[in-house]
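All remarks here apply to the structure that follows.
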Amino acid sequence: MPRDDNFLKEQNARHLWHPMAHPADSLANPPTIVTGARGVSITDIDGHEVVDAVGGLWNVNLGYSCEPVKAAIAAQLDALPYYSIFRGTSNDKVIELAEELKTFFAPEGMARAFYTSGGGDSVETALRLSRQYHKIRGEAGRVKFLSLKKGYHGTHFGGASVNGNANFRTPYEPLLPGCHHIPAPYPYRNPFNETDPERLAQLCLQALEDEIAFQGAGTIAAFIMEPILGAGGVIPPHASFMPGVAEICRRNGILLIADEVITAFGRTGAWSGSRLWGVQPDFMATAKAITNGYFPFGAVMIAEHVAEVFEKDETGKAAIGHGYTYSGHPVGAAAALACLAETRRLDVATNAKARGDELFAGVQALMDRYEVIGDVRGGHGLMIALELVEDRATKTPAAKSVPGQVQKTAYEAGAMIRVSGPNIILSPPLVVTADDVQTILTALDAGFRAL
Ligand SMILES: Cc1ncc(COP(=O)(O)O)c(C=O)c1O
């Protein structure tokens with residue numbers, strides 16, 4: 001029986017734990033109860049409607065009223081709601097989708113798809129398959145992983161082990177042995193005190209070379225990175241960085257995993273982060289926007305030369321002992337097919353670039369007016385962050401309550417924004433209009449003015 005609004009408000013956070021939240025905090029500050037959505041807006045239980053500047057969780061790229069994806073999901077539930085694709089069975093939709101993904105990611109050199117249930121699963125899959133790749137080739141000692149501090153790769157044990165933020169790691173240690181981190185190309189804060197993005201990129205690349213020499217290239221399976229760091233606070237590296245990483249990896253026999261869980265499918269203004277930087281990685285982890293967030297699904301894309309090593313193996317070492325009950329879920333695959341077609345038809349990458357430029361210019365103008373904004377980062381589509389500080393000279397992070405206060409007022413003024421540590425993160429659907437961008441900026445302005 002449907003429960004009334006009072007029941008829902010009274011029970012809010014009482015019998016469930018929220019991801020990425022302290023259970024006591026959720027009880028003290030009950031979360032906003034979202035009950036509806038349309039276009040690029042969400043509505044809460046009190047009927048308050050706001051532009052969703054979070055885009056679900058970087059995934060609802062086409063907004064909440066994407067009828068082709070909804071229709072594809074409904075039709076697939078009727079035709080085949082589930083069947084496994086473990087050895088011996090397949091379904092029509094995963095076969096079609098692999099073709100589409102291969103075409104979509106042809107410029108990145110991707111040849112095969114391995115399906116998952118989400119971003120963390122995609123990361124885990126790429127990490128595991130990269131170790132197996134080396135074992136097939138007779139280099140069983142290549143087992144370590146390198147990654148960037150500030151990187152976010154989900155919360156599975158493998159993903160957390162390559163993750164570059166302490167709060168996702170410390171409570172769950174010990175993590176996987178053999179995971180090592182290099183400094184992020186983050187000009188606002190870095191151990192080199194270097195503010196020039198290009199020089200900083202070179203220093204981080206030198207740190208990578210140094211770590212490889214220290215560990216021994218022959219012990220390292222893969223390097224994993226986001227082409228633009230997302231959850232760590234939207235950190236776009238200098239254009240020389242990812243190509244530099246790719247060159248160093250290739251020279252040392254280390255596989256490059258591009259974690260494109262956020263950046264694939266247009267968010268950066270390019271169709272993928274790797275394409276933005278002109279890089280062909282060995283694996284691409286994708287998820288999120290692949291189904292517009294309407295169904296949990298992901299795909300790891302595999303480069304042709306990696307696929308060949310597995311497919312030509314005659315020893316049995318390439319048998320894949322990895323996969324999920326929901327790998328290749330037919331409903332997810334049907335959603336992804338419809339989503340890819342809409343993504344292309346609407347050319348959302350072009351809109352992401354244009355609206356992203358407007359939003360970035362808008363937050364830069366806010367920085368001129370509000371001292372509490374220490375840094376703004378963006379310039380590549382619809383992934384933008386504002387880092388809040390107590391004092392611009394010392395860069396002391398703003399008190400914990402400050403971003404939350406901005407969020408609260410901005411919500412009342414018409415936009416849902418995301419708070420992550422001292423950062424406000426903006427990642428709206430890629431179909432936002434210029435008016436929506438103005439709504440987000442006006443709401444943010446109200447949030448800062450009220451501090
Ligand atoms: C770059 C990146 N990788 C992996 C993940 C983990 O994805 P999921 O939460 O679907 O497991 C995320 C989630 O935000 C992400 O941003």
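Atoms within each ligand, like the ligands themselves, are counted from 1 in listed order.
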Show the atoms of ligand 1 that are less than 4.0 angstrom away from any heavy atom in Gly119. 6 (C), 7 (O), 8 (P), 10 (O), 11 (O)
What residue and atom, counting heavy atoms only, is the protein's closest point to atom 8 (P) of ligand 1, and at what distance? Gly120 N, 3.4 Å
Distance under 4.0 Å to a non-hydrogen atom of Asp259: what atoms of ligand 1 satisfy this? 1 (C), 2 (C), 3 (N), 4 (C)
Protein contact for atom 14 (O) of ligand 1 (heavy atom, distance under 4.0 Å): yes
From the list Val437, Ile384, Leu382, side chain to side chain contact (heavy atoms under 4.5 Å, CB included) with Phe360 holds only for Ile384
Atoms in ligand 1 flagged as close to Glu226, the criterion being non-hydrogen separation under 4.0 Å: 1 (C)
Ring centres under 6.0 angstrom apart (Phe265, Phe105): yes
Please lay out, stage by stage, how Asp282 and Tyr133 fare under the test side chain to side chain donor-acceptor pair (under 3.5 Å). CA-CA 11 Å; Asp282 301 302; Tyr133 164 90; over 6 Å; no
For residues Asp436 and Thr439, is any side-chain donor paired with an opposing acceptor at under 3.5 Å? no
If you take the nearest heavy atom of each of Val261, Val123, Ile262, which one is closest to atom 16 (O) of ligand 1? Ile262
Contact region, His153 to ligand 1, non-hydrogen atoms below 4.0 Å, reads backbone
Do His322 and Phe114 have ring centroids that are under 6.0 Å from one another? yes
Checking ring pair (Phe, Tyr, Trp, His ring centres under 6.0 Å) between His329 and each of Phe297, Tyr83, Tyr82, which is the one that passes? Tyr82
Backbone, side chain, both or neither: what part of Lys288 comes under 4.0 angstrom of ligand 1, heavy atoms only? side chain
